[in-house]
There are 2 protein chains.
Amino acid sequence: MKMNEGVEWAVHACCLLAPLGPDRGLSLAALADYHGVPAPYMAKQMQALSKAGIVRTSRGARGGYALGRGADAITLLDVVRAVDGAVPMFRCTEIRQRGPCASPRKDCAAPCPIARAFAGAEAAWRGALGAVTIADLVATVGRDGTPAHLGKIMQWFGAEARQLPSVG
Amino acid sequence: MKMNEGVEWAVHACCLLAPLGPDRGLSLAALADYHGVPAPYMAKQMQALSKAGIVRTSRGARGGYALGRGADAITLLDVVRAVDGAVPMFRCTEIRQRGPCASPRKDCAAPCPIARAFAGAEAAWRGALGAVTIADLVATVGRDGTPAHLGKIMQWFGAEARQLPSVG
DNA sequence: CATTATTCGGATATTGAATATCCATATTGA
DNA sequence: TCAATATGGATATTCAATATCCGAATAATG
């Protein structure tokens with residue numbers, strides 16, 4: 001029961017794109033380099049974010065990725081669903097309908113209590129993730145608060161951030 | 001991010017063992033047959049439950065598995081931890097310490113806020129699972145409430161349930 | 001008390017799916 | 001037209017699920 005590793009990269013990427021606003025973005029190469037992860041695989045996650053509308057993309061020369069909507073309108077749950085999928089971790093296989101004492105199908109209209117309990121726990125998990133937005137995280141992630149580090153990031157932004165075609 | 005499928009079998013097995021009480025049990029073959037699952041893999045789950053103390057075992061002729069403690073003292077979380085392990089679904093790889101703008105290690109004493117958010121969600125999930133006991137589930141699981149079905153189970157118990165050596 | 005049948009325990013393949021990685025293609029701005 | 005860039009499919013690698021085997025322990029049996 002391990003989460004797709006790409007979720008972490010995707011969340012970090014969103015946190016990095018957030019301060020650039022909706023019109024400025026970063027290329028895939030820059031994102032991969034910044035996070036120190038292989039570019040081809042980072043592409044997969046960005047693609048997933050793009051399909052979910054969390055980021056918008058611009059192709060061709062000087063293209064890249066920018067946040068698709070405000071950072072306060074993107075939750076961790078959104079990112080998890082986009083990258084890791086929405087399939088529940090616990091999937092009931094209707095064991096009660098199998099074996100020598102199987103319950104007949106007609107008596108299994110209501111969901112199995114075991115499945116219901118697990119579904120409840122997952123709902124709690126989703127609720128917690130849905131309550132945290134990228135905006136909540138962006139203030140601190142990847143920054144240690146020292147002026148030297150902030151300056152390093154600003155300098156890097158200056159070299160890598162680019163204007164993307166307006167969405168208008 | 002899919003849970004080990006064996007968790008479902010293990011929970012069902014506990015629910016089946018619960019009404020037998022602490023002194024009566026079922027063999028591995030009976031458990032696998034009842035649930036309609038492959039015996040070798042069911043063995044793996046039962047061994048995990050055994051190592052966690054959730055069930056106790058008796059070897060030799062007419063041996064088998066019985067619940068290790070009261071059904072009201074076994075939570076879903078206990079079973080999940082035993083069968084699926086206790087590793088968190090989200091594992092922080094300290095991305096903030098990588099790449100051209102990496103934060104120096106000494107400034108990363110506090111956990112990454114992203115990791116903290118995911119850890120909080122997992123805590124909520126665990127809390128929900130820890131609040132449900134086998135006793136809560138045993139009343140209904142695998143039974144549709146019809147007299148015919150209950151009779152079928154009683155008959156099966158009569159043939160398969162066996163007295164295990166007292167824990168004394 | 002010795003023997004034997006039965007059952008759990010653990011190690012070890014084997015298969016299949018999910019994941020991580022890479023490469024070729026299409027697309028766009030300059 | 002060219003160089004830069006995202007996109008999607010193809011490939012390798014890892015991991016979970018399943019099957020098989022043998023040894024150790026134990027209770028029933030004579």
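Hydrogens, waters and symmetry mates are skipped; everything else that's a heavy atom, side chains included, is used. Here is how names work: the chains are called A, B, and so on, in the same order as the sequence lines, proteins then strands, and each is numbered from 1.
With distances taken from any side-chain atom of A:Ser50 to the nucleotides C:dG9, C:dG29, D:dT7, the minimum falls on D:dT7. Checking D:dA6, C:dA20, D:dT20 against the side-chain heavy atoms of B:Pro40 singles out D:dT20 as nearest.
Taking side-chain N and O atoms only, A:Tyr65 has a distance below 4.0 Å to OP1 or OP2 of D:dT7. A close approach under 4.0 Å does occur between a side-chain nitrogen or oxygen of A:Asn4 and OP1 or OP2 of C:dA20. Close to D:dT5, at under 4.0 Å from its OP1 or OP2, lies a side-chain N or O of A:Arg162. In terms of phosphate contacts, A:Gln47 brings a side-chain nitrogen or oxygen within less than 4.0 Å of OP1 or OP2 of D:dG8. The phosphate of C:dG9 (OP1 or OP2) has a side-chain N or O of B:Thr57 nearer than 4.0 angstrom. For D:dA4, neither phosphate oxygen OP1 nor OP2 lies less than 4.0 angstrom from any side-chain nitrogen or oxygen of A:Arg59. Contact between the side-chain N/O atoms of A:Tyr41 and the OP1/OP2 oxygens of C:dT21 is not found at any separation under 4.0 Å.
Contact annotation for B:Gly64: backbone-only contact, meaning every heavy-atom pair under 4.0 Å involves sugar-phosphate atoms and none involves a base. Looking at heavy-atom distances under 4.0 Å, B:Pro38 makes contact with sugar-phosphate atoms alone, never a base. Nucleic acid contact for B:Met1: sugar-phosphate only, since backbone atoms but no base atoms lie under 4.0 Å from a heavy atom of the residue. Note on B:Gly63: only backbone sugar-phosphate atoms sit closer than 4.0 angstrom, heavy atoms only; bases stay farther off.
Partner assigned to D:dG23 is C:dC8, using Watson-Crick or G-U wobble distances below 3.5 angstrom.
To the nearest angstrom, C1' of C:dA30 lies 16 Å from CD of A:Gln163. In this structure, B:Leu28 places its CG atom 14 Å from P of C:dG10, rounding to the nearest Å. In this entry the distance linking CG of A:Leu49 with P of D:dA6 reads 14 Å, nearest Å. Rounded to whole angstrom, the span from the CZ atom of A:Arg62 across to the C1' atom of D:dA4 amounts to 10 Å. A straight line from CD of A:Gln45 to P of D:dA6 spans 15 Å, rounded to a whole angstrom. In this structure, the CG atom of B:Leu164 is 10 Å from the P atom of D:dA28, given to the nearest Å. Rounded to an integer number of Å, the gap from CE of B:Met89 to P of D:dC15 is 19 Å. Residue A:Lys51 contributes atom NZ, which lies 16 Å from atom P of D:dA6 at whole-angstrom precision.
With rounding to the nearest 0.5 Å, the separation of CD1 in B:Ile54 from CD in B:Gln45 is 12.0 Å. Within the model, atoms CE of A:Met46 and SG of A:Cys14 stand 6.5 Å from one another, a figure rounded to the nearest 0.5 Å.
The nearest heavy atom of DNA chain C to B:Ser58 and to A:Lys2 marks one nucleotide each, and the one closer to the 5' end goes with B:Ser58. Remark on DNA chain D: of its neighbouring residues A:Ala43 and A:Ala61, the 5'-side contact belongs to A:Ala61, judged by nearest-heavy-atom nucleotide.
Residue-to-nucleotide contacts include no donor-acceptor pair under 3.5 Å from the side chain of A:Lys44 to the base of D:dG8.
Annotation for A:Asp136 and A:Ala131: closest pair OD2-O, 3.8 Å, computed over non-hydrogen atoms.
A salt bridge does not link B:Arg98 with B:Glu94: every distance from a Lys NZ or Arg NE/NH1/NH2 to an Asp or Glu carboxylate oxygen is 4.0 Å or more.
Looking at B:Thr93 and A:Glu8, their side chains do bring a donor and an acceptor atom within 3.5 Å of each other.
Between A:Phe118 and A:Phe90, the angle of the ring planes stays under 30°, which puts this pair in the parallel group of the 30/60° scheme.
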